[in-house]
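Throughout, protein chains are lettered first and strands after them, A, B, ... in sequence-line order, and every chain is numbered starting at 1. Hydrogens, waters and symmetry mates are skipped; everything else that's a heavy atom, side chains included, is used.
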Amino acid sequence: MSEKKVRVRFAPSPTGGLHLGGVRTVLFNYLFAKKHGGDFVLRIEDTDQSRYVEGAEKYIADCLAWCGLIPDESPMAGGQYAPYRQSERKVIYREYAERLVSQGHAYYAFDTPEELDAKRKEVPNFQYGHTHRSGLRNSLTLPLQEVETLLHNGTPHVIRIKMPDDETISFNDMIRGYVSFETGLVDDKVLLKADGMPTYHLAVVVDDYLMKISHAFRGEEWLPSAPVHLLLWEYLGWKADMPKWAHLPLILKPDGHGKLSKRDGARLGFPVYAMNWYDAKTEELTQGFRELGFLPEAFLNLLAMLGWNDGTGQEIFTLDELIEKFSIERISKAGAKFDFEKAKWYNAEWIKNAPAEKLKVKVAEVLTAKGVTVNKEAYLLKIIDVVKDRCVLLTDFYQQASYFFQCPKEYDINSVKPKWTDVKTDFFNQLKDTFSHSDAFEPADLEARFKALAEEKGLKLGDVMLPFRIMLVGGKFGPHVFDIAALLGEGETLKRIDKALEAFTAQ
RNA sequence: GGCCCGUUCGUCUAGGGGUUAGGACGUUAGAUUUUCAUUCUAGAAACAGGGGUUCGAUUCCCCUACGGGCUACCA
């Protein structure tokens with residue numbers, strides 16, 4: 001059993017955008033698989049046709065691609081255990097459901113949803129289980145003849161598992177340790193729906209078996225239905241092949257309580273989905289981490305730290321390091337509240353530590369998207385190096401770098417105009433002359449000339465430094481002014497002084 | 001309501017029978033930077049409560065409280 005090849009799966013249902021909790025589940029699956037030389041498969045659980053959303057499947061694949069978590073097998077890439085879309089495996093499930101019925105572990109139930117709704121209203125704490133199933137319309141209560149007639153006539157029905165009245169079922173969760181349940185308290189879950197599609201409960205067991213899944217990671221919200229799955233593995237005769245379970249702690253809302261949801265992002269002003277998600281039905285766009293300006297490396301890094309650490313205090317990890325150091329034993333049990341401030345810190349760290357070469361394509365995209373023309377790569381690289389320390393998000397490069405490519409359109413005029421004097425006008429006019437005599441146009445030389453002139457004019461350095469910055473940048477931010485001037489070059493610097501002077505001295 | 005899971009600074013967490021309970025984010029105060037950011041230094045800040053077990057519990061056990069999840073022909 002221990003020689004069994006590691007195979008894990010991420011099994012989302014294509015119902016909308018991919019939540020950060022989902023990406024974390026992918027990550028942990030992926031890390032575990034890669035660490036053990038195993039396979040990572042993507043399986044689409046589209047058994048609920050009413051919830052199917054067009055485009056969601058491609059979106060999920062795109063998210064994984066952006067993150068660099070590429071499945072070894074998937075509906076798109078195919079694989080030995082295809083198909084990987086449950087809707088395309090529909091015929092498979094019925095056979096196993098029927099097998100369970102014939103073995104007495106499951107039964108046909110003919111109650112309509114309406115009847116059950118009524119029952120739930122009428123009976124407090126109603127459960128379709130050993131306490132109530134004897135009073136309902138199913139193959140356990142109806143005469144054999146009638147069941148056969150109903151079936152023969154194509155009467156809509158479901159197949160439900162028959163939970164034992166009084167058994168204790170337990171297992172060893174890789175994260176939580178020993179967990180146990182009383183079967184009498186769990187209801188007879190539907191296995192096969194009236195439309196012939198399996199529910200998650202049946203499909204997950206059948207497919208995990210057929211696809212030889214060795215370890216199953218999923219959110220903690222699945223823990224209560226684990227006994228159903230355990231029983232199914234047993235009844236189907238596959239117990240020896242059952243994957244090891246790992247129920248991941250949930251990602252919670254930063255404020256208040258409960259699972260983090262898409263709505264929280266909108267409410268609190270941060271993304272929850274990996275990438276932008278456009279809902280055609282509601283015409284609603286939900287912003288993603290990618291579009292907000294996160295690096296995929298940072299996104300993965302911060303997700304990994306939500307519920308896992310390597311015990312050393314290290315917080316910045318590359319994907320390769322995560323693969324190397326990942327271990328299930330170090331996953332925490334408690335849910336984690338999502339902290340967007342810390343998320344931004346991770347991104348800032350990744351931007352700060354990335355070589356300009358790695359950032360150039362993304363930065364160029366940010367700038368061009370805003371209408372800034374970027375054509376000289378060597379220049380772009382220098383600019384990135386000089387401003388990346390002040391960017392938290394990739395989109396910050398617009399504000400931090402665009403003035404290197406175009407003259408500021410607006411000036412922080414309030415910071416200069418009230419204190420403007422003719423002496424200053426005079427100073428800057430002469431500065432142009434001094435600067436044009438600088439041979440190299442290097443920061444140190446420019447600074448020396450600037451200082452000498454200020455002294456000559458009897459101006460305090462502080463009185464002209466800030467105006468000079470605003471002339472070149474437009475606002476009170478950016479690297480050292482003389483570095484900026486040098487990067488801009490003589491022509492552009494003089495031009496900007498002129499242009500700003502006009503604005504500063506206008507009535 | 002029932003069942004299941006959980007509980008160390010505001011947040012993410014390390015630790016684990018005897019510690020000044022450590023780190024990070026955020027925050028506060030300084031230093032550097034004649035802008036902003038980075039960087040650096042310092043500070044405030046936590047073992048939910050009650051019972052056991054023990055010479056000694058934050059650590060082990062039980063209870064309570066609190067939090068979360070599930071309770072669909074959704075996943």
Side-chain angles (χ1 to χ4, degrees), chain A residues 11-15 45-48 50-51 86 109 111-113 116-117 120 124-128 156-160 173 175-177 179-182 184-187 189-201 203-204 218-227 247 249-250 252-255 257-259 302 305-316 330 332-346 348-349 352 387-392 396 399-400 412 415 451 460-470 473 475-481 484:
Chain A
S13 62
T15 52
E45 310 225 333
D46 55 351
T47 54
D48 184 353
S50 66
R51 292 214 311 159
Q86 290 183 331
D111 321 86
T112 65
L116 293 177
D117 278 348
R120 274 185 263 269
N125 299 129
F126 172 82
Q127 264 203 169
Y128 207 124
H157 64 276
V158 300
I159 291 179
R160 309 186 87 110
D173 187 273
I175 294 172
R176 270 142 237 290
V179 184
S180 80
F181 305 84
E182 299 304 321
L185 270 7
V186 181
D187 60 343
K189 293 268 183 270
V190 169
L191 265 19
L192 202 73
K193 300 185 263 189
D195 64 1
M197 278 289 195
T199 58
Y200 171 83
H201 307 296
V204 74
R218 66 192 349 180
E220 193 190 347
E221 70 266 32
W222 289 108
L223 207 43
S225 55
H247 289 91
L250 265 16
L252 279 8
K253 301 174 196 292
D255 64 338
H257 307 286
K259 275 198 287 188
L302 72 94
M305 302 311 286
L306 232 39
W308 178 86
N309 70 83
D310 77 340
T312 68
Q314 181 178 344
E315 300 206 77
I316 302 299
R330 297 206 61 89
S332 43
K333 294 181 174 71
K337 288 184 185 169
F338 180 69
D339 180 358
F340 188 53
E341 290 307 314
K342 184 117 191 201
K344 285 192 290 190
W345 175 78
Y346 279 105
E349 285 294 306
K352 207 166 60 195
V387 304
K388 66 180 185 180
D389 278 5
R390 41 215 99 210
C391 294
V392 170
D396 291 340
Q399 131 127 155
Q400 296 295 337
D412 180 355
S415 298
K451 282 183 175 165
K460 277 189 285 184
L461 219 42
D463 292 337
V464 278
M465 286 279 271
L466 187 64
F468 185 39
R469 165 176 300 280
I470 292 174
V473 174
K476 292 189 276 190
F477 58 89
H480 295 292
V481 233
I484 297 173

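Relative orientation of the A:Tyr200 and A:Trp222 rings is parallel, given thresholds of 30° and 60° on the angle between their planes.
Taking atom P in both B:U19 and B:U33, the straight-line distance is 44 Å, to the nearest Å. Of the C1' atoms belonging to B:G15 and B:C62, the separation is 24 Å, rounded to the nearest Å. Comparing the same atom, P, in B:A65 and in B:G50 gives a spacing of 15 Å after rounding to whole Å. Here the separation of B:U20 from B:A44, taken at their C1' atoms, is 16 Å to the nearest Å. B:C25 sits 15 Å from B:A46 when the C1' atoms are compared, rounded to a whole Å. Taking atom P on both nucleotides, B:G51 is separated from B:U58 by 11 Å, rounded to a whole Å. B:U53 sits 32 Å from B:A45 when the C1' atoms are compared, rounded to a whole Å. The P atoms of B:U28 and B:C36 are separated by 16 Å, rounded to the nearest whole Å.
The nucleotide whose nearest atom lies closest to any side-chain atom of A:Ser13 is, among B:A75, B:C25, B:U35, B:A75. Minimum atom distance to the side chain of A:Trp222 is reached by B:A75, of the listed B:A24, B:A75, B:U13. Side-chain proximity of A:Thr199 to B:U38, B:A14, B:A75: nearest is B:A75. The A:Pro113 side chain lies nearest to B:C73 when the options are B:C73, B:C12, B:G69. In this structure, of B:G6, B:C5, B:U13, it is B:C5 that holds the atom nearest to the side chain of A:Val179. Nearest to the side chain of A:His480, among B:C5, B:U35, B:A75, sits B:U35. For A:Ala334, the side-chain atoms get nearest to B:U7 when compared with the rest of B:U7, B:C70, B:C74. Of the listed nucleotides (B:A37, B:U11, B:A24), B:A37 has the atom at the smallest distance from the side chain of A:Arg390. Comparing B:C25, B:C74, B:C12 by their nearest atom to the side chain of A:Lys193 picks out B:C74. Side-chain proximity of A:Arg51 to the nucleotides B:U35, B:C4, B:A75 is greatest for B:A75.
Under 4.0 angstrom from either OP1 or OP2 of B:C73 there lies at least one side-chain N or O belonging to A:Arg160. The phosphate of B:U39 (OP1 or OP2) has a side-chain N or O of A:Lys352 nearer than 4.0 angstrom. For the pair A:Arg120 and B:C73, the criterion of a side-chain N or O lying under 4.0 Å from OP1 or OP2 is met. A:Thr47 has a side-chain polar atom (N or O) that falls below the 4.0 Å cut-off from OP1 or OP2 of B:A75. Between A:Arg330 and B:G15, a side-chain N or O to OP1/OP2 separation shorter than 4.0 Å is present. Residue A:Lys337 has no polar side-chain atom (N or O) positioned under 4.0 Å from OP1 or OP2 of B:G10. One finds no side-chain N or O of A:Asn309 lying less than 4.0 angstrom from the OP1 or OP2 phosphate oxygen of B:U13.
Pair assignment for B:U39 gives B:A31, based on Watson-Crick or G-U wobble hydrogen-bonding distances that are each under 3.5 Å. The partner of B:A46 cannot be assigned: no Watson-Crick or G-U wobble pair with both contacts below 3.5 Å exists in any strand. Nucleotide B:G26 is matched to nothing when pairs are restricted to Watson-Crick or G-U wobble geometry with both distances under 3.5 angstrom. B:G67: Watson-Crick or G-U partner is B:C5, with both key distances under 3.5 Å.
The OH atom of A:Tyr346 sits 11 Å away from the P atom of B:G26 (whole-angstrom rounding). Remark: C1' of B:G67 and CD of A:Glu220 are 11 Å apart, rounded to the nearest angstrom. Taking atom CD of residue A:Gln314 and atom P of nucleotide B:U13, one finds them 17 Å apart after rounding to whole Å. Between the OH atom of A:Tyr200 and the P atom of B:A72 there is a distance of 17 Å, given to the nearest Å. If you measure from atom CD of A:Glu349 to atom P of B:A37, you get 16 Å, rounded to the nearest angstrom. Between the NE2 atom of A:His247 and the P atom of B:G6 there is a distance of 12 Å, given to the nearest Å. Rounded to an integer number of Å, the gap from CG of A:Leu250 to P of B:C70 is 7 Å. In this structure, the CZ atom of A:Arg218 is 17 Å from the P atom of B:G69, given to the nearest Å.
A:Ala336 comes within 4.0 angstrom of the backbone, heavy atoms only, and of no base. Nucleic acid contact for A:Val158: base, since at least one base atom lies under 4.0 Å from a heavy atom of the residue. Using a 4.0 Å heavy-atom distance criterion, A:Lys460 is classed as making no nucleic acid contact. Note on A:Pro479: a base of the nucleic acid sits closer than 4.0 angstrom, heavy atoms only. Across all strands, A:Ser415 comes closer than 4.0 Å to no nucleic acid atom at all (heavy-atom distances). When heavy atoms are screened at a 4.0 angstrom cut-off, A:Ser332 is found touching the sugar-phosphate backbone but no base atom. A:Asp173 comes within 4.0 angstrom of nothing in the nucleic acid, heavy atoms only. Heavy atoms of A:Gly475 sit nowhere under 4.0 angstrom from any nucleic acid atom.
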Step-by-step side-chain contact (heavy atoms from CB on, under 4.5 Å) determination, A:Asn125 to A:Gln127 = CA-CA 6 Å; A:Asn125 299 129; A:Gln127 264 203 169; over 6 Å; no
message = One pair to check against salt bridge (charged side-chain N to carboxylate O under 4.0 Å, His left out): A:Asp339 and A:Lys337. What are the steps and the verdict?
response = CA-CA 6 Å; A:Asp339 180 358; A:Lys337 288 184 185 169; over 6 Å; no
message = Run A:Tyr128 and A:Asp111 through side-chain hydrogen bond (donor to acceptor under 3.5 Å, both in side chains) and show every step you take.
response = CA-CA 11 Å; A:Tyr128 207 124; A:Asp111 321 86; 2.6 Å; yes
message = Between A:Glu315 and A:Lys342, is the salt bridge (charged side-chain N to carboxylate O under 4.0 Å, His left out) condition met? List the steps.
response = CA-CA 11 Å; A:Glu315 300 206 77; A:Lys342 184 117 191 201; 3.1 Å; yes
task = Using the side-chain contact (heavy atoms from CB on, under 4.5 Å) rule, take A:Asp46 and A:Ser13 through it: C-alpha gap first, then chi angles, then the decisive distance, then the call.
result = CA-CA 5 Å; A:Asp46 55 351; A:Ser13 62; over 6 Å; no
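Judged by atom type and distance alone, A:Asn125 does not reach the base of B:G2 through any side-chain donor-acceptor pair under 3.5 Å. A donor-acceptor contact under 3.5 Å is not formed by the side chain of A:Lys189 with the base of B:A72.
The CH2 atom of A:Trp345 lies 4.0 Å from the CD1 atom of A:Ile316; values are rounded to the nearest 0.5 Å.
No donor-acceptor contact under 3.5 angstrom links the side chains of A:Arg176 and A:His247, judged on distance only.
Formation of a donor-acceptor pair under 3.5 Å by the A:Arg390 side chain with backbone atoms of A:Gly478 is found in this model.
The shortest heavy-atom contact between A:Gly475 and A:Asp412 is CA-CB, 4.1 Å.
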